[in-house]
Amino acid sequence: MKLYCLSGHPTLPCNVLKFKSTTIMLDCGLDMTSTLNFLPLPLVQSPRLSNLPGWSLKDGNAFLDKELKECSGHVFVDSVPEFCLPETELIDLSTVDVILISNYHCMMALPYITEHTGFTGTVYATEPTVQIGRLLMEELVNFIERVPKAQSASLWKNKDIQRLLPSPLKDAVEVSTWRRCYTMQEVNSALSKIQLVGYSQKIELFGAVQVTPLSSGYALGSSNWIIQSHYEKVSYVSGSSLLTTHPQPMDQASLKNSDVLILTGLTQIPTANPDSMVGEFCSNLALTVRNGGNVLVPCYPSGVIYDLLECLYQYIDSAGLSSIPFYFISPVANSSLEFSQIFAEWLCHNKQTKVYLPEPPFPHAELIQTNKLKHYPSIHGDFSNDFRQPCVVFTGHPSLRFGDVVHFMELWGKSSLNTVIFTEPDFSYLEALAPYQPLAMKCIYCPIDTRLNFIQVSKLLKEVQPLHVVCPEQYTQPPPAQSHRMDLMVDCQPPAMSYRRAEVLALPFKRRYEKIEIMPELADSLVPMEIKPGISLATVSAVLHTKDNKHVLQPPPRPTQPTGGKKRKRASDDIPDCKVLKPLLSGSIPVDQFVQTLEKHGFSDIKVEDTAKGHIVLLQEAETLIQIEEDSTHIICDDDEVLRVRLRDLVLKFLQKF
Amino acid sequence: MDPECARLLPALCDVLADPRQPVADDTCLEKLLDWFKAVTEAGSSLLLLQDHPCLVELLFHVLKPQDLSSRILSFVLRLAGIFAAQENCFQYLQFSPWKAEPDSLGSFILHFQQGELLPGLFGEPGPLGAAAWAAPSVRSGWIQGLHSLAQHPSALRFLADSGAVDTIFSLQGDPSLFVASAAGQLLVRVLDLALCGPAEGHISLQAWDWPACARKIVCHLEDCLRSEATPRVTQALHVLTTAFGHCHGLWTQGLWVQLSPLVARLLEKDPVPAPHALVDLLLSVARSSMLSSDPGLWETAAQTLSRLSPTQAGPLAAGILKLQDCPQALRIQAFGVLLQPLAFVLEATAQAPGMPGLLEGAAGDLMAVDTLPPSKSACVGLLCSALAHLELLQPLVGVARPASALAAGLAAGTDAPTPPQPQRPSPWPQAPLLAAVVAILRLCNGSAAPNSEAGGRLCAMLGGCVRVQRAALDFLGVLSQGLGPQELVTQVFAILLEYLVSPDSSPTVLKKAFQATLCWLLSSAAPPGCCDLEPYAQLVLGELLSVLRKRLCSPCWEVRDSGLEFLTQMTRHQGGQAGFRQALLASEVPELTRQLLQDPESYVRASAVAAVGQLSSWGLLAAPSSPEHAATPQKTPLEELLLVLTTDSEGFPRRAVMRVFTEWLRDGYADVAEDPERFVARVLQAASGDLDWEVRVQGLELALAFLEQLLGPCGPSAVAPPGALAQALQALCRVQLFEFAFRSLFDCDRPVAQKSCDLLLFLRAKAIPSSNSQEAGDGPDVTSVEAALRRWQAGEQGQPLGELAPEAVLAVLRSMDLEALQDTLAESSDHVERSPQSLLQDMLATVGVLGDNEADCY
């Protein structure tokens, strides 16, 4: 069993598992942190961005000044943003049989894999994952395509030139493989390869393994996966949460008794408690708005935003903010808010019960009804008519490199009354802000990451007791900034195996058994013999028939009666020769009795020696040795076949035959 | 016993003896026992039994083989004990010839011969051998009965002869903890009775000369102490603890001399059996004036301190430090035990050598790494208890500075009188203690980066632990009385700020952090004369206010509430200081506070009211800067609070408003002092109609403050001069204070009536010379007023009193018997229901109901 690790990002995994002749890709996350190296794409012409000075080498050579721009000491690529794809060279991706998706954040690289690698398999995901994943992709494509950029920089990627660049461009990995965003057509084609599954549904893959999605509690439709055969079980744990937010709670019990547990998608901010962060978010929001400032919340169009809106729903009246408008701007804002209300069966129990009242499960419906929350596809159109300040704006993209958020950063960045509150943990907020420096606006970092933390993981591992744990290398040591925090790492026995990008792990796990069916008529013919109380044995002579990873023992063909005349030779050719087998022996030889028997049969001068493995019976007169060991008995005599057969028969008297 | 009770008693005894009429509520039985106890303490039990033969019949009834409930059986055992506590009654119950009397059916109910009652109840033939003994309540009743009875030599003989002592021994191991504990106490009672009689002077200190019964008990205790079974050792230690704690006879010395070697020998075992009980015993002995002179005791205590684990030894060490007279060496050792966990933390987190250790020079070695409790909960428990013990050692008496008083108030949480404080160990290692507490707080919030292995383990165990954080912050607050080196004080403020800023601080931790910060800020204020904060405290204050600003917007109401409390306290103490005023006015805090008057949570509104009251009395409520309020004209704080008083739906904010108003009136707050009459009139009008009785009581408090302002303070200075009096009465009439006071006099809530009564008594003392009080004179006609008052008393509160002239008020005051009213009000409201008569009636009535139901079945 082997694991090919195509992504080094712990929460955006992409691994390939080879298990029992199947090749299964586990998630295909897209690392978008590469876009932080690019200049933002402004929706409205930004004089500030377009007038940034070009970057030149120390010696004054300015051949890169078209491609690289400098802003407050940082250098950015002035081009269409590009993404860092999972490894495509490590394994031939056309051999991947299936792709299992665990949540909508972990499928963003799907079009790159399904459309450009010769992939011909099936993708499995739950319905909300597909629908919301589609929204995220649609938003991404929309953000990038609506700001066409003529220029595509590639000079800087030259290895010799990249060496000369300042950090972090100098240290960016595998820039040559970075790709521009996919198109909507590719998205549609990729999504058409997805087959929808429900929690606990058992899906057979070629009869060899069975895969099952389990609720993981992290997002609408998010799942962990069980991949099992008759005798082996591999659990794949991706983004999971034990907090009570909107999705169905995590199914932990089904992860028990795994041989291997692949653990990814833990919280990226282990020291921040989501509840305190929500409190911090609310306090800062209220403070800013009370002072007449605006609040900008860069976010994804689905996920934590539902919980944030719910918290604000409870908070705004108490904080006296009922008159403040909340705007949610995204090309998919409307669909996201509406989709969330229709996936009742994927929601936590509390929200499910609301549906029967009948009430919308999420209170943002009421915020919309009362006009406190308004949503728009973009800043153009209706929004510019309704726009009122001070206000709170939720919009993407959290990287601050594209989407409507770029406009608000440019618009509000100059005033210290305004605040930008970062809630998505995927991007370093300092790096995200770099192209907007100098910035007067206040910045608050309240990362809300509901995924498992290390305390929860150690409890989980204690409970489900996997034999082996495999996880990204980041989880096997404390975070670099807090090297003394031994509590901030996965702690289990035996120690977890770690992987990094482009590594192939041989999982320490041997397959020992295979299930074989016996045809009824063959089973009927067996004659079991009890060799110990409760244990019976029978010999089987049969033909092993293997097809689609299923093994069946069929009765051997009867010896063909010689039929006169026309022989159907071809039929009998295939039938293997069935020799009459020697009987099998079992039991042990009690040495004392054996010696007595030998004596009775006229052997004398018998010596017995104990050896490490058993005994040696020495017949000195006959110059013969009988080695008796646990699983074999040897009679060594000097070319005296008669003697050997006599001795053999004496030995056989003590053994059972069948 | 009053005749009515005497009349009801036979019926009640019948009911109790009737198994078909179970008493459902056993609190009745408890009350009944209390009553009998009171009756027998006031008079002779013998006479009581002779006057009420039904009681003896009840006692006898129990002896009949029948299905009595265990409750009644237990009750009768205890009742018999109460009667037999008097020696003559004891003998009566044991030896008097009984007359057998025929009952209504003509059969004789007394089948027992004389002398069989008490053995029948407490001896082998009684419940002891019967099935009823399985009920813990019966065993408990048996013990309590004997405990009451064991008061005289006859009882002692009875106990010795009946073999009860052996039964008590076995009950010490009873599965019911109540029974087991009562058995131990009974043993002590028996010992005391045996050794403390009239012959006490002759009692030898040598236990082998003691009476047989006492010798038997001592032997039993010796056996237990020698036993390998920990529960038996524990039993013996409990008995000894009770004996030395409650008995003060000379014999206790003899007992200690006899048993102390055995106690000391317990320390040789590994592990030491029953450590908690041992600690209790040693402390009980050390506190006993008879025994504390024994030098062996201190030696044993010292050994115990070193033998027990830090967790077990902590309470002993704390107890030793509270003792008035104990050897200095032992005190130092005990202090060392308490310091050990902190010293360990300090050592484990030390970044560089050079910092003075906590235990340098003190006895005791530093805890080794492996003695750190392995589990998180044990480690947390050890640290918390060490911090709590040390907190109590910081002397609070004799320091009159506001910070310490505040710390005491905050720590205690109430105004209860503090028990005598132990002497602070000297030298008191203030600086290392501060460093240790700061280190603990850093470990808890994850900001410590220890290099050592032990530090790493501590870090993992204490990370995010709310219990330790609270204990450490409490202790840190208390340490503010001692100050420390500047560098450490800076660290203290830094860590406090970290806690206040951190979004991960839980609301309770945050509250403690606010309290500790307040203590440190106040103790950093320069001496009262020169009125300003130290420069660094001023810096801290700036950051603090920006934190406070955010905390006041928290979605968690507890956080908003503790933020406001902090602001109120801070303003109360620092409101006059320029640095504080400047920083506060520059922040948005006052405006936010004002907005919190509309908070959805009533507790927060109440705290906001207190804060607004405090801020505006110091002139710190600036005009609002936020644009949303700019359009509407700003209300004064007085108007805003009046609005709260008249419109708020919850009691807490309204009560808070009344407290602020009373304070404002007393302190002469500017807006109030302008026209106090109008202010009082408006407030009283609002308060008088309030549904919350505490608001009405506060209204009377405010009225009292107003009275004092007009007539001079309460005290012996007696009558006010006539001119001032007339003016004052006029003013009081104008604000309609009398209407409010008289109405309150008949308020359905007793505290309101009491307060009003006090107020009117005060007024009468000021207005009417005592010589004059009976004089009716030709006063104005007050019949209409009195009629109105009578109607109010009858509950018709709707009727207004109408205009009142000062003379009429005086006349009414003269004619009312306020003292009698005060006495009536002083009796608790259930005094009627609590009478024995009512109890008996109630018990009979419940049975009556049962009887009715039975009849219904036909």
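Order of the sequence lines fixes the chain letters, A, B, ..., with proteins taken first and strands second; residue numbering starts at 1 for each chain. The model shown is predicted, which means the values in this text are computed figures rather than measured ones.
- Taking a 6.0 Å sphere around CG of A:Asp491, one finds it holds 12 or fewer heavy atoms contributed by other residues, nucleotides or ligands.
- Here SG of B:Cys553 is found 11.0 Å from CD of A:Glu280. Values are rounded to the nearest 0.5 Å.
- To the nearest 0.5 Å, the span separating SG on B:Cys556 from OH on A:Tyr315 amounts to 11.0 Å.
- Within 6.0 Å of the NZ atom in A:Lys459, the count of heavy atoms belonging to other residues, nucleotides or ligands does not exceed 12.
- Taking every heavy atom of both residues into account, B:Asp504 and A:Ala272 meet most closely at OD2-CA, 4.3 Å.
- Rounding to the nearest 0.5 Å gives a distance of 4.5 Å between CZ of B:Arg549 and CG of A:Leu287.
- The structure places SG of B:Cys459 at 10.5 Å from CE of A:Met486, a figure rounded to the nearest 0.5 Å.
- Rounding to the nearest 0.5 Å gives a distance of 12.0 Å between NZ of B:Lys550 and SG of A:Cys282.
- Using a 4.5 Å cut-off between heavy atoms, A:Ser483 makes no contact with chain B at all.
- Taken to the nearest 0.5 Å, the CG atom of B:Asn445 stands 11.0 Å off from the OG1 atom of A:Thr271.
- By number of non-hydrogen pairs under 4.5 angstrom with chain A, the leading residue of B:Pro555, B:Gly446, B:Pro600 is B:Pro555.
- Note on B:Glu591 versus A:Arg290: no salt bridge recorded, every NZ/NE/NH1/NH2 to OD/OE distance being 4.0 Å or above.
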